[in-house]
Amino acid sequence: MASSTPQPPPSAAVFAVNGQRFELRGGDDPGATLLDFIRTRTRFTGPKLGCGEGGCGACVVLLSTYDAAADQVSHAAVSSCLTLVHGLHHCAVTTTEGLGNSRDGLHAVHARFAGFHASQCGFCTPGMCMSLVAALAGAEGKGSGPPPREGFSRLTSADAERAVVGNLCRCTGYRPIADACKSFAADVDLEDLGLNSFWKKGDAHVDKLPPYKEGSIGAFPEFLKAEIRASLRIDKCMSARVMAGSESSWHRPRSVEEYYRLIASDSFDGSGTKVVVGNTSSGVYREAEVYDRYIDLRDIPELNSVSKDSEGVQIGAATSISLVIEILRREGDDCKDVIFGKIADHMEKVSSHYVRNTATLGGNLVMAQRDEFPSDIATILLAAGSSVCIQVSSGKLNVTLDEFLEMPPCDYKALLLSISVPHCTPDNVSSSAGAVNMTGDKTESSLLFETYRAAPRPLGNAVAYLNCAFFAQISSDESSGSLILEKLHLAFGAFGTRHAIRARDVEKYLVGKPISASVLLEACNVLKKIIVPKEGTTHSAYRSSLAVAFLFTFLYPMTKRNVKPARSARLNGHAASDTNGNPNCPPSADIDLSLKETNSVESGLHSNDHILESCKQIVEISKDYLPVGIPAKKVGAELQASGEAVYVDDIPSPEGCLYGAFVYSTKPLAHVNSIELDPSLEQVKTVAVITVKDIPEGGGNFGANTIFGPEPLFGDPLTQCAGEPLGIVVAETRNFANIAAKRAVVNYSTETLDSPVLSIEEAVRRCSYFETPPFLLPQNIGDFSKEMEEADQKIYSAEVKLNSQYYFYMETQTALAIPDEDNCMVVYSSSQCPEAAQNNIARCLGLPCHNVRVITRRVGGGFGGKAVRSLPVATACALAAFKLHRPVRMYLDRKTDMIMTGGRHPMKICYSIGFKSDGKVTGLHVDLFINAGMTMDVSPIIPHNFIEALKKYNWGAFSYDAKICKTNISTRSAMRGPGEVQGSYVAEAIIEHVASVLSTDANLVRQRNIHTVESLALFHSECLENALGYTLPSICNQLTASANYQYRSEIIQTFNKTSQWKKRGLSFVPIVHKVLSRPTPGKVSILNDGSIVVEVGGIELGQGLWTKVKQMAAFGLGQLWADRSQDLLERVRVIQADTLSVVQGGWTTGSTTSECSCEAVRLACNIMVDRLKSLKEQLQEKHGKVSWDGLISQAKMAGVDLSAREYYIPGASGSYLNYGAAASEVEIDLLTGATTVLRSDLIYDCGQSLNPAVDMGQVEGAFVQGIGYFMSEEYVTNTDGLVVSDGTWTYKIPTVDTIPKQFNVELRNSGFHKKRVLSSKASGEPPLLLAASVHCATRDAIAAARKELHCCGSGSSSPSFFELEVPAIMPVVKELCGLDNVEKYLETLVGSK
């Protein structure tokens, strides 16, 4: 094949995708990313656009390169959304489709992901698979020694977990993903892996797994090898290459001299040129620029060279961070250099593996120097005494890194060539971790080097609040016995400073002094004057306190002479592997032994320490309605893993397709005078700007519509919030549309307008409210005033404030609209309610509904955000297509989606409560204020949901008042557990407040106020429950017993007494969650060959709706055979929702759509069974045994109608209660505020589960999403209400390293219940409420900390009562533990002396 392949001309960029050859030539956009190319120029759609920032992993592919001289192939995971395709000359790219497919055979990675139930919505799954594939290929490439056991790889189970550490998933909760990865590990105990479709518990064996063999990944195409060999001779004769475009589009200079000749040429324009290597900076700074040309520096030898000498190692600036890590670790091991190893360890916390593989050392430092990027690498290299070599037009400059950072920002005329890191190899190398006394008369110096970072995620993929690195040379003073600092480097960065700095005043103060508590205290005071974040930096006081905490961590052991030789092990001061930003060495010298063990392990990808411990999933499989009740694999899971599953944006673009992007308001309340495109963007091929003026006659400005009324599509002529759509820019490509929309110039004016309402308090002051229909409001219970008089103690007007949460579905809002004949429109929408989209589009365009066909096959995550908030996107897309008579597609970039879509409702809750001395509550009154945003959406249902969830306890008498505030922020909508999450949490906050007043255990107060059957009937009168159905008391009893709750509580108390700087907390939270079933259609059709097609109104969002419906159809039709001899499961196919096929589809919300769809299908099957039953009996009498195929063949000839539709209406039993409980244990770090979830135990009553595997995934995924709300997802807006936490850099959902380390879930089977669908219960939303247990456990740990004298919170008369914000992010926790706890501790020591 190689010999027959014509050699490409030198101007072509040649590469392979899944073994297929591709060329780039003139006219191709030089700024196109690999992801753009794959999705628009090939048939492959596995890599997805999740963020465009390199922060989610949905676009990860395997990039392979071939070294012809060594005849070796190297593999690396890369983020295809950042990688420029023109830079891939002679590379091979493998997407998930390149591994295998459902037709030719799936790869073991695909099959195991599906079999371990590790895919729900599936949008992230291809990227997950490729991250694991890259780890497998990397382990194979580096492998030495004997091959692994058959079926396994060379990965360790710890490495396997870390393979997906940078990948985001919003559905699964990560535990099954980790299990799928660990199934490849040579050291795994298969019995430790969770629920799967390969074996039953106790019967695990590798033979039951899909087989994996080394060498099955990343075969490099032979034709590409041949072209590479042939090109070597040609390349040697060429000067700077101009590739893949016109003469000025893509340049690869071969030397520094050629680079400078290039930029000095007459045709060079610095403003239109971008200098690149890995291009990962585009993920940090989302550019709204179009560049005419790119200069790729990868071919300059000097920028790729690595050399070493007696002074240290010199690394070329174009060397990838991953390769730098390897170099430093190898050099450190060879010459026993402790600094190198620790720098490498810290670098593994920078970004994620698929970004580090292309991001360069020089690029990172240039961003730090030029763009004020909060670099970890600059800080640690600064402390190590590194220097850099820079080329400028006048020649080379060798300067210290400190001097480089202080220089004016570099432009393209300055070229960073290399970085020098000095050796540190004295005879006596020590580390400041541990507690080993130095003895003897030695006076020679010892060197210490430690690095630290405090970040929202422990294993990277998060910018630090502060990073630092310390280098010290110490000696012992024989006369005093003290340790003296002879030399000191203290480097700090990322705290809100222009770049990393040296704290020279502190260094000057400390050098030459014996280290004592008083000296350290003064050093901390000096440091606080230096670490002063610039104005506008978030959590500035916290960042300053971190600097003090880390300096204390580094130096305090010296006051006790606790310095441990570090020749035998590499220690990592920046973070222990199981903690988040926690310092490596415990400051207390004589206590905290458990922490010394914890903190003496390696971190990073070299660690053998597991992210997760053994987790348990306990399910009970019901065989009453087979195949309903079995833990069958999710329908389509293999297709999702292999990239074959088609989402809206995967549908091939029709001919002439255009792309739309929203122009949104940046003002909260203003007149919109005009919208104009930036005239400087001539090269951006825009087609039109669609505004309210383009809505056709007979239509209207309708963006969405609910039973509570419509909302506008465009805020014109008046915009009512920052983030409101003003118009759509339509262009020839998605990138051009996005750039033009971002650069659009909107002319605003605010004359005659009042100031905007941006808070609940302002809405209350101005009486800005929406009306709530009275029928939606629950009734008060009892006489609150009377019961307050009976109370022994009372709390009046206490407050709880709750912020918003963004959906963060992996697939952003998207639609494709295609004009059809006769004034019709076909719209493919990622929607939870296609019927509502159809109605709204028809109203906007002035068409009858039968002219609008909306199709939804699957949705890449919804959580409520693809319900009402999807309607403006589908409508805008249809409007543009209608206006231009061409297909138009829209796929919102992550920032636009986060700004426009809103999220969970912010709230303010004021409560007054009376209670007895034993904790029994007598009465509760709640004033509820809900921030709905600018339009009503479904906000009127939120008070009802909040109050129903709050009523999980027996409050005695209960009354409330609810107000829905109309404000000038983006509209809030339903998000998983809307209102219920907040209501259930507020109940816990109230219980804990009561407990703090009584100085008793909150769990005792909980137990005293859990409902009896009688009080439950009073508070939830519409959901009558008998003693057998009310399982909450038994769940609580079982959980406290099975989780060894009391024993663990005692262990924690002992731990907290002996642990100075870490505290643990334990909490137990029950839930009572009401759900409402809705009318739902179902249609069952039997085709000529006996295969079965099912249509339902419910949408597959990843919740397993299709899976349960498929099982139900097989059960329903299988009832024709009493002996269940006909297995129909594999004959059933559930197909996409189509508004012109199945009408009255309704909304897929509220957790019950799966079961309602199942019931509609069961009823439709019953109709079909009735039609076929008599025929079957006749055939049975005539022929004896009758098969399914025979029956259907005869039915067709007999004229039996083989299609049946049913509309299920729940009736009076439509509402029921769900019960569950969770116990969570956490550990907090008092120095950093980091929280580690050590363990969570959940028991959830799932009724008689329709599919235990699906329901288990829903429980785990909901719980972890709840952890995000309560612990990490900080939702930040500016003074105009515009969202500024608008991407993966600033908004942190949970990752695999932040879920409970031990995660145990039991699905309780509460047995037969005739009023529910085959006795089943919902599982989608209720378990999210249980995540409050993590927040409450954190409060418990903080309470333990505040009992310490040095951690007493300022401004509080009682350290036991405090308000813990939601989310309880690191700064919040640290502040409650005392931002000045280090200083107070040192003052106590100094005072005691």
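Values below: all heavy atoms of this structure, side chains included; hydrogens, waters and symmetry mates excluded. Only a predicted model underlies this, so the values are computations on that prediction, with no experimental measurement involved.
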Between [X] and [Y]: side-chain donor-acceptor atoms closer than 3.5 Å:
X	Y	answer
Gln640	Thr125	no
Asn101	Ser642	no
Glu644	Ser102	yes
Asp1255	Ser1249	yes

Donor-acceptor under 3.5 Å ([X] side chain, [Y] main chain):
X	Y	result
Glu97	Phe44	no
His110	Thr96	yes
Lys48	Thr45	yes
Tyr354	Ser131	no
Gln1258	Ser1323	no
Arg858	Cys121	no
Asn18	Thr95	yes
Ser80	Cys59	yes
Lys634	Gln120	yes
Asn357	Val78	no

Mind checking whether [X] and [Y] have side chains closer than 4.5 Å, heavy atoms only?
X	Y	value
Val61	Thr83	no
Phe1303	Leu1242	yes
Val313	Leu328	yes
Met810	Cys56	yes
Phe152	Val188	yes
Lys349	Arg453	yes
Pro1300	Arg1239	no
Thr1298	Val1237	no

Would you check, one step at a time, whether the test salt bridge (charged side-chain N to carboxylate O under 4.0 Å, His left out) holds for Glu348 with Arg329?
CA-CA 11 Å; Glu348 285 191 321; Arg329 186 159 283 133; 3.6 Å; yes
Kindly compute the distance separating [atom1] ([X]) from [atom2] ([Y]), expressed to the nearest 0.5 Å.
X	Y	atom1	atom2	result
Asn461	Leu168	CG	CG	6.0 Å
Leu323	Arg356	CG	CZ	13.0 Å
Ser216	Leu99	OG	CG	8.0 Å
Asn196	Lys201	CG	NZ	8.5 Å
Ile321	Ser351	CD1	OG	7.5 Å
Cys171	Gln1103	SG	CD	9.5 Å

Any residue meeting ring-ring contact (aromatic ring centres under 6.0 Å, His included) with Tyr647, in chain and number order, not counting sequence neighbours
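Testing Tyr647 for ring-ring contact (aromatic ring centres under 6.0 Å, His included), a comparison that skips the adjacent residues, returns Phe123.
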Using the ring-ring contact (aromatic ring centres under 6.0 Å, His included) criterion, which residues pair with Phe220? Sequence neighbours excluded.
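For Phe220 the ring-ring contact (aromatic ring centres under 6.0 Å, His included) partners, ignoring immediate neighbours, are Tyr66.
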In terms of heavy-atom contacts, Ala645 and Asp650 come closest through O-OD2, 3.4 Å
Which residues satisfy the side-chain hydrogen bond (donor to acceptor under 3.5 Å, both in side chains) test with Tyr1244, sequence neighbours excluded?
Asn1218
List for me each residue that meets salt bridge (Lys or Arg N to Asp or Glu O under 4.0 Å) alongside Glu1130, sequence neighbours excluded, and say none if there are none.
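Glu1130: salt bridge (Lys or Arg N to Asp or Glu O under 4.0 Å) contacts with Lys1110.
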Thinking salt bridges, do [X] and [Y] make one under a 4.0 Å N-O criterion?
X	Y	result
Glu638	Lys633	yes
Glu326	Lys142	yes
Glu1227	Lys1301	no

Whether Phe198 and Phe116 hold their rings parallel, tilted or perpendicular, with breakpoints at 30° and 60°
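Geometry flag for Phe116 against Phe198: perpendicular rings.
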Are Arg229 and Asp71 close enough, and set up right, to give a side chain to side chain contact (heavy atoms under 4.5 Å, CB included), and what steps lead you there?
CA-CA 10 Å; Arg229 295 189 192 103; Asp71 193 26; 4.3 Å; yes
Go through the steps for Glu214 and Arg154 under the test salt bridge (charged side-chain N to carboxylate O under 4.0 Å, His left out), then give the verdict.
CA-CA 9 Å; Glu214 284 197 333; Arg154 296 177 188 267; 2.7 Å; yes
What pairs with Ile1051 under side chain to side chain contact (heavy atoms under 4.5 Å, CB included), at least two apart in sequence or on another chain?
Tyr1047
Using a cut-off of 6.0 Å, state whether more than 12 heavy atoms not belonging to Lys616 lie near its atom NZ.
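It does not: Lys616 NZ has 12 such atoms or fewer within range.
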Would you tabulate the side-chain donor-acceptor contacts of residues 172-182 under 3.5 Å, counting partners in other chains and residues two or more places apart, or write 'none'?
from, atom 1, to, atom 2, distance (Å)
Thr172, OG1, Tyr174, N, 3.0
Tyr174, OH, Cys169, N, 2.9
Tyr174, OH, Cys169, O, 3.2
Tyr174, OH, Pro1294, O, 2.7
Arg175, NE, Glu1260, OE2, 3.1
Arg175, NH1, Asp179, OD2, 2.8
Arg175, NH2, Glu1260, OE1, 3.0
Arg175, NH2, Glu1260, OE2, 3.2
Asp179, OD2, Gly194, N, 2.7
Lys182, NZ, Glu161, OE2, 3.3

